[in-house]
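Both ligands and their constituent atoms are indexed starting at 1 by order of listing. Excluded from the calculations below are hydrogen atoms, water molecules and symmetry mates; all remaining heavy atoms, backbone and side chain alike, are included.
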Amino acid sequence: MAKRIQFARTGGSEVLELVDVTPADPGPGEVRIRNQAIGLNFIDIYFRTGLYPAPALPSGLGTEGAGVVDAVGEGVSQLKTGDRVAYAQGPLGAYAELHVLPAEKVVVLPDEVDVETAAASMLKGLTVQYLLRQTAPLKGGETILWHAAAGGVGSIACQWAKALGVRLIGTVSSSEKAELAKSNGAWATIDYTREDVVERVRELTDGAMCDVVYDSVGKDTWETSLDCLKPRSLMVSFGNASGPVEGVNLGILNQKGSLYVTRPSLNGYADTRERLETMCRDLFDMLGSNKVKVDIGQRFALADAGKAQDALAGRKTTGSTILLP
Ligand SMILES: NC(=O)c1ccc[n+]([C@@H]2O[C@H](COP(=O)([O-])OP(=O)(O)OC[C@H]3O[C@@H](n4cnc5c(N)ncnc54)[C@H](OP(=O)(O)O)[C@@H]3O)[C@@H](O)[C@H]2O)c1
């Protein structure tokens with residue numbers, strides 16, 4: 001038997017249960033991974049609450065983890081038992097001791113990346129990779145606004161932006177989070193609990209405003225984010241921490257300066273094996289060269305996944321959070 005977290009109905013963190021299950025064997029093209037560390041992500045909360053529907057209930061949860069290959073299905077030649085690996089996509093169910101998923105979603109870890117770092121950065125780091133290098137191919141010299149700059153994705157973004165020579169203005173909810181974002185390379189921070197975000201962006205940029213806004217907060221920050229942009233620039237709405245952006249009248253993009261908007265996801269960018277490998281190479285280069293150091297702010301036991309999610313949703317975490325099976 002092996003332990004996993006599952007939920008039979010959507011709701012608060014109390015719907016998460018730790019159960020014993022008979023481990024599934026990997027089918028053709030699949031591998032089974034013995035997780036040594038599991039990544040906690042906001043998307044896990046969207047599935048638990050039902051904002052994103054799980055394919056079936058009861059359902060496992062989580063899509064990010066790292067460990068060793070424990071069993072290999074028919075037709076898998078690129079991975080073998082004992083390989084150190086990580087993943088950030090695939091079926092729900094990473095909150096578990098053992099997880100079966102398609103081999104094409106799994107990558108071998110370079111020696112210099114340990115499993116905890118991998119579990120804390122595969123999903124978040126690949127997200128930063130596509131946001132900074134593909135959604136808006138930044139060259140250096142740009143000014144961007146990044147919400148939740150002291151969070152898991154945000155902490156990696158601050159470092160990656162600095163390495164690219166991009167001036168990242170990060171929003172945060174406390175002076176401690178501001179310090180953390182600055183220590184990670186944010187060019188400036190705005191504490192939105194006591195400062196006007198649009199006015200501060202105007203001051204910091206001498207009225208020029210931002211080339212790109214990266215907004216994962218969603219509903220609460222949509223209009224503020226549009227007001228922080230230069231004419232004809234890009235709004236990247238990539239998350240719903242405060243709830244989804246709904247009911248948008250496209251005319252607002254005209255009124256705010258002929259703006260562009262995109263709503264991207266990791267699965268939309270890492271949609272082929274080749275693209276996943278290219279993105280992983282970029283991420284592992286950043287980790288291996290220490291340009292990005294992953295800050296694991298919290299570690300929880302797998303059994304405490306609900307407590308971990310409450311901390312994440314309650315804005316009590318900084319950096320990445322991992323679950324330990
Ligand atoms: N589209 C994609 O491909 C993709 C991939 C990965 C993550 N994401 C998104 O990126 C965001 C960050 O993910 P993460 O796992 O690294 O989380 P996180 O940033 O560590 O945590 C979320 C942070 O958002 C801020 N926040 C603002 N309003 C909030 C609210 N009403 N409720 C909760 N938090 C609020 C809080 O920071 P302050 O206290 O500083 O406000 C909080 O710490 C999430 O929205 C996630 O869905 C998207």
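Checked against the 6.0 Å centroid threshold, Phe238 and Trp146 count as a close aromatic pair.
With values rounded to the nearest 0.5 angstrom, Leu266 atom CG is found 5.5 Å from Met279 atom CE.
Using a 4.0 Å cut-off between charged side-chain N and carboxylate O, Glu246 and Lys219 make no salt bridge. With salt bridges taken as basic N to acidic carboxylate O contacts below 4.0 Å, one links Lys80 and Asp83.
Residues passing the ring-ring contact (aromatic ring centres under 6.0 Å, His included) test with Tyr52, sequence neighbours excluded: Tyr46, Phe47.
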Give every pair made of an N or O atom of ligand 1 and a protein N or O atom lying under 3.5 Å apart, one pair per line with both atom names and the distance to 0.1 Å, or write 'none'.
unit_1	atom_1	unit_2	atom_2	d
ligand 1	1 (N)	Tyr130	OH	3.4
ligand 1	1 (N)	Phe238	O	2.9
ligand 1	1 (N)	Pro264	O	3.1
ligand 1	3 (O)	Tyr130	OH	2.7
ligand 1	3 (O)	Leu266	N	2.9
ligand 1	15 (O)	Phe42	N	3.2
ligand 1	16 (O)	Gly152	N	3.3
ligand 1	16 (O)	Val153	N	2.9
ligand 1	20 (O)	Gly152	N	2.8
ligand 1	31 (N)	Arg315	NH2	3.0
ligand 1	32 (N)	Ala241	O	3.3
ligand 1	39 (O)	Ser173	OG	2.5
ligand 1	39 (O)	Lys177	NZ	2.7
ligand 1	40 (O)	Ser173	N	3.2
ligand 1	41 (O)	Tyr192	OH	2.6
ligand 1	43 (O)	Lys177	NZ	3.4
ligand 1	45 (O)	Tyr46	OH	3.0
ligand 1	45 (O)	Ser216	O	2.9
ligand 1	47 (O)	Tyr46	OH	2.8

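Counted by atom type alone, Arg273 and Gln78 present zero donor-acceptor pairs between their side chains at under 3.5 Å.
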